[in-house]
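Right, one structure below, let's go through it.
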Amino acid sequence: MRLHFSSSPYPIPTLFRLARSHRPVCSSPPPPTWRSSNPMAILPKSSVAAVIPSEERLATRFWIKYRRESVLSLYSPFALCLASGSLKIDTFRHYIAQDVHFLKAFAHAYELAEDCADDDDAKLAISELRKGILEELKMHNSFVQEWGSDCVNESPVNSATLKYTEFLLATASGKVEGLKAPGKLATPFEKTKIAAYTLGAMTPCMRLYAFLGKEFLRLLEPNEHNHPYKKWIENYSSESFQASALQTEDLLDKLSVPLTGEELNIIEKLYHQAMKLEIEFFYSQPLTQPTIAPLTKQHDPEQDHLMIFSDFDLTCTVVDSSAILAEIAIVTAPKPDQNQPASQIARMSSAELRNTWGLLSTQYTEEYEQCIESILPSEKVEFNYETLHKALEQLSDFEKRANSRVIESGVLKGLNLEDIKRAGQRLILQDGCISFFQKITKNKSLNANIHVLSYCWCGDLIRTAFSSGGVDVLNIHANEFNYEESISTGEIVWKVQSPIDKIQAFNDILQDCSNERKKLSVYIGDSVGDLLCLVKADIGIVIGSSSSLRKVGSQYGVSFVPLFPGLVKKQKEFGEGASPCIWKGQSGILYTASSWDDIHAFILGW
């Protein structure tokens, strides 16, 4: 149970907030990357960047909207190996050769865009950006000279590079759906559209490389001089490349000002298509070395069994399920002057329910905070699973007492099963959650199982929420309402009430699983109630920003490591000959993810 009452006059989930955890915060990825020229001076000070708030700019909106694609590129095997410094030189040479082919097309696309622009400032800015690309080609040539071989001529263009360059040049030539054929463009304005469309297809590449460069730079040690790709990272994280990326976005905004809504939709489609082609480009790089991501890449269905465990409330959902059940109870409660048939289960009025929920949630919040403080050691201790387990037994006792008060109050009496199912169908899940589970369940050859372990009082709510998203084959381990003719009696069949119940269910599931295959367990959770399962799993992933989880975990010696930096470190160890069995439960290390996109990219890849 996670209840907190607000004095809102509306009988809706806004009544309830979480006492123990917070909704995950998705930090939008940062910008910039590698050019030696600085074209920022080209646009006048009155440029769109100066007058349009960053969150309203076209490129910024698209970058945030298609964050998933940038994350998939970041977690690609090629990017992980490059960031860790373990990438084989032959793979890097192949990448440079493909990138040279791509950059030549990029430079030509800028040339075509410059010809279409009807504004002198825009023409000059595009010209300077093209010069930046030519400088980048010189940088690539410097790599080739160091190697003493012509890898560009030795490596034919692969299909992913070809798809991208053909898309880019077709766009720059005016071959865009809904646009007249290039030879029939009668007015300068119609030609300007082509320049805008071309920038729409080029901008995401600039921003993505800027983003990757900055992310990789953060992971370089201050005195790390022997990283083989330090020059690449420093170039793509440089201020000059950041300026080039920003300039491209400025131009896109400027050229898009006179366009209609339909034409802006075309730019968005081009932007998204370019992002998807970038993913394909990164995943097409041939690797001859083992990689730790995607996790399923090293998974052999004949010998391995992947076990995915997940919490539900605020791990998968945006609102805690107790808030949903409270809403149903209050909204469907009989009016004060309404006579209830003797055959029906007696129910409180909405006013009585609102007041009772308020008292329950206030008491819960206060006692929960007191309980958390009481189990914390006075000083941080070294991680020990048994010590943590013992401490969380006290929290388990508290949860059971709180649940007993809910049952005794009668607030869950009289809820109709159909109302619960309708609420489940409308329940908002975290972005990327459903698509992650869908991809696993649809891949029959993966040999993976999904188990949802939840404190939720009503398993029907969980089942309906997932089935409405097309995911029906999950194993749900939650509490269940007791019904009489589809009406809840107010009693609950208790299965998972506490951290101890969760870890018991987790252990039982693993124990019941066949020992013929090697098991790899992943647990995804957001609160203190998940802590024992998180540290017991081979891989524990924390989603969200629960302060109580971090407080308790840290005091008991648990380390919280951001997922991508943690994977880069693991990849480095992998490259240095570490054992393939590098995931081990009860290590005291948990990985933090800002969204389901990160989890999807790590476990399943593209």
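Below, each value reflects all heavy atoms present in this structure, side chains not excepted, and no hydrogens, waters or symmetry copies.
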Salt bridge between Arg401 and Glu367, side-chain N to carboxylate O under 4.0 Å?
no
Give a yes or no on whether a salt bridge exists between Glu480 and Arg463, defined as a side-chain N under 4.0 angstrom from a carboxylate O.
yes
Using the ring-ring contact (aromatic ring centres under 6.0 Å, His included) rule, take Phe211 and Trp63 through it: C-alpha gap first, then chi angles, then the decisive distance, then the call.
CA-CA 11 Å; Phe211 165 58; Trp63 176 251; 5.6 Å; yes
Does the side-chain contact (heavy atoms from CB on, under 4.5 Å) test come out yes or no for Gln273 and Lys269, once each step is laid out?
CA-CA 6 Å; Gln273 179 64 11; Lys269 289 178 182 177; over 6 Å; no
Could you verify whether a donor N or O on one side chain and an acceptor N or O on the other, from Ser546 and Asp526, lie under 3.5 Å apart?
no
Phe281 and Phe78 aromatic centres sub-6.0 Å
no
Calculate, to the nearest 0.5 Å, the distance between atoms CG and CG belonging to Leu277 and Leu270 respectively.
10.5 Å
Do Ser84 side-chain atoms and Cys81 backbone N/O form a donor-acceptor pair below 3.5 Å?
yes
Check the pair Ser70, Met275 against side-chain contact (heavy atoms from CB on, under 4.5 Å), reporting the backbone distance first and the verdict last.
CA-CA 7 Å; Ser70 66; Met275 288 291 282; 4.0 Å; yes
Can you tell me which residue pairs pass the salt bridge (Lys or Arg N to Asp or Glu O under 4.0 Å) test with a partner in residues 442-458, sequence neighbours excluded?
none
Are any of the side-chain heavy atoms of Phe564 and Tyr591 separated by less than 4.5 Å?
no
Using the rule given for side-chain contact (heavy atoms from CB on, under 4.5 Å), can you reason through Val71 versus Tyr75, listing the C-alpha separation, both sets of side-chain angles and the distance that settles it, and then say yes or no?
CA-CA 6 Å; Val71 169; Tyr75 283 81; 3.6 Å; yes
Would you compute the distance between atom CG of Asp530 and atom OG of Ser527 and round it to the nearest 0.5 angstrom?
4.0 Å
For the NZ atom on Lys519, are there more than 12 heavy atoms of other groups (residues, nucleotides or ligands in this structure) within a distance under 6.0 Å?
yes
Minimum heavy-atom distance between Ile292 and Phe602, given as atom pair plus value:
O-CE1, 3.9 Å
So with a 6.0 Å cut-off around CG of Asn447, is the heavy-atom count from everything else above 12?
yes
Assess, by modelled atom type and distance only, whether the side chains of Ser435 and Arg68 contain a donor and an acceptor separated by less than 3.5 Å.
no
Kindly write out the residues that satisfy side-chain contact (heavy atoms from CB on, under 4.5 Å) with Glu418, not counting sequence neighbours, or none if the list is empty.
Asn416, Lys421, Arg422
Once rounded to the nearest 0.5 Å, what's the spacing between atom CD1 of Ile487 and atom NZ of Lys413?
13.5 Å
Show me the donor-acceptor pairs within less than 3.5 Å that the side chains of residues 535-542 make with the rest of the protein, sequence neighbours left out.
| unit_1 | atom_1 | unit_2 | atom_2 | d |
| --- | --- | --- | --- | --- |
| Lys536 | NZ | Asn507 | OD1 | 3.0 |
| Asp538 | OD2 | Ser521 | N | 2.8 |
| Asp538 | OD2 | Ser521 | OG | 3.2 |

Can a donor-acceptor pair be found between the side chains of Ser73 and Glu278 at a distance below 3.5 Å?
no
Residue pair His272 / Glu268, side-chain donor-acceptor N/O under 3.5 Å
no
Can you tell me how far apart CD (Gln571) and OG1 (Thr291) are? Round to the nearest 0.5 Å.
6.0 Å
From Asn403 atom CG to Tyr455 atom OH, the distance as rounded to the nearest 0.5 Å
9.5 Å
Hey, does the side chain of Gln303 reach the backbone of Arg517 with a donor-acceptor pair shorter than 3.5 angstrom?
no
Atom CZ in Phe481, atom OG in Ser488: separation rounded to 0.5 Å?
5.5 Å
Below 4.5 Å, heavy atoms only, C-beta onward: do Ile267 and Phe62 meet side chain to side chain?
yes
Asn449 side chain near Ile509 side chain, heavy-atom distance below 4.5 Å:
no
Validation: residues 549-562 side-chain donor-acceptor distances under 3.5 Å, sequence neighbours left out:
| unit_1 | atom_1 | unit_2 | atom_2 | d |
| --- | --- | --- | --- | --- |
| Lys551 | NZ | Glu373 | OE2 | 3.0 |
| Ser554 | OG | Arg550 | O | 2.7 |
| Gln555 | NE2 | Pro377 | O | 3.0 |
| Tyr556 | OH | Ile375 | O | 2.3 |

Around atom NZ of Lys439, are there more than 12 heavy atoms of other residues, nucleotides or ligands at under 6.0 Å?
yes
Shortest non-hydrogen contact between Thr489 and Tyr483, atoms and distance:
CG2-C, 4.1 Å
All pairs passing side chain to side chain donor-acceptor pair (under 3.5 Å) where residues 467-477 contributes a residue, at least two apart
His451-His477
Non-neighbouring partners of Ala329 that pass side-chain contact (heavy atoms from CB on, under 4.5 Å), sequence neighbours left out:
Arg347, Leu353, Trp357, Leu415
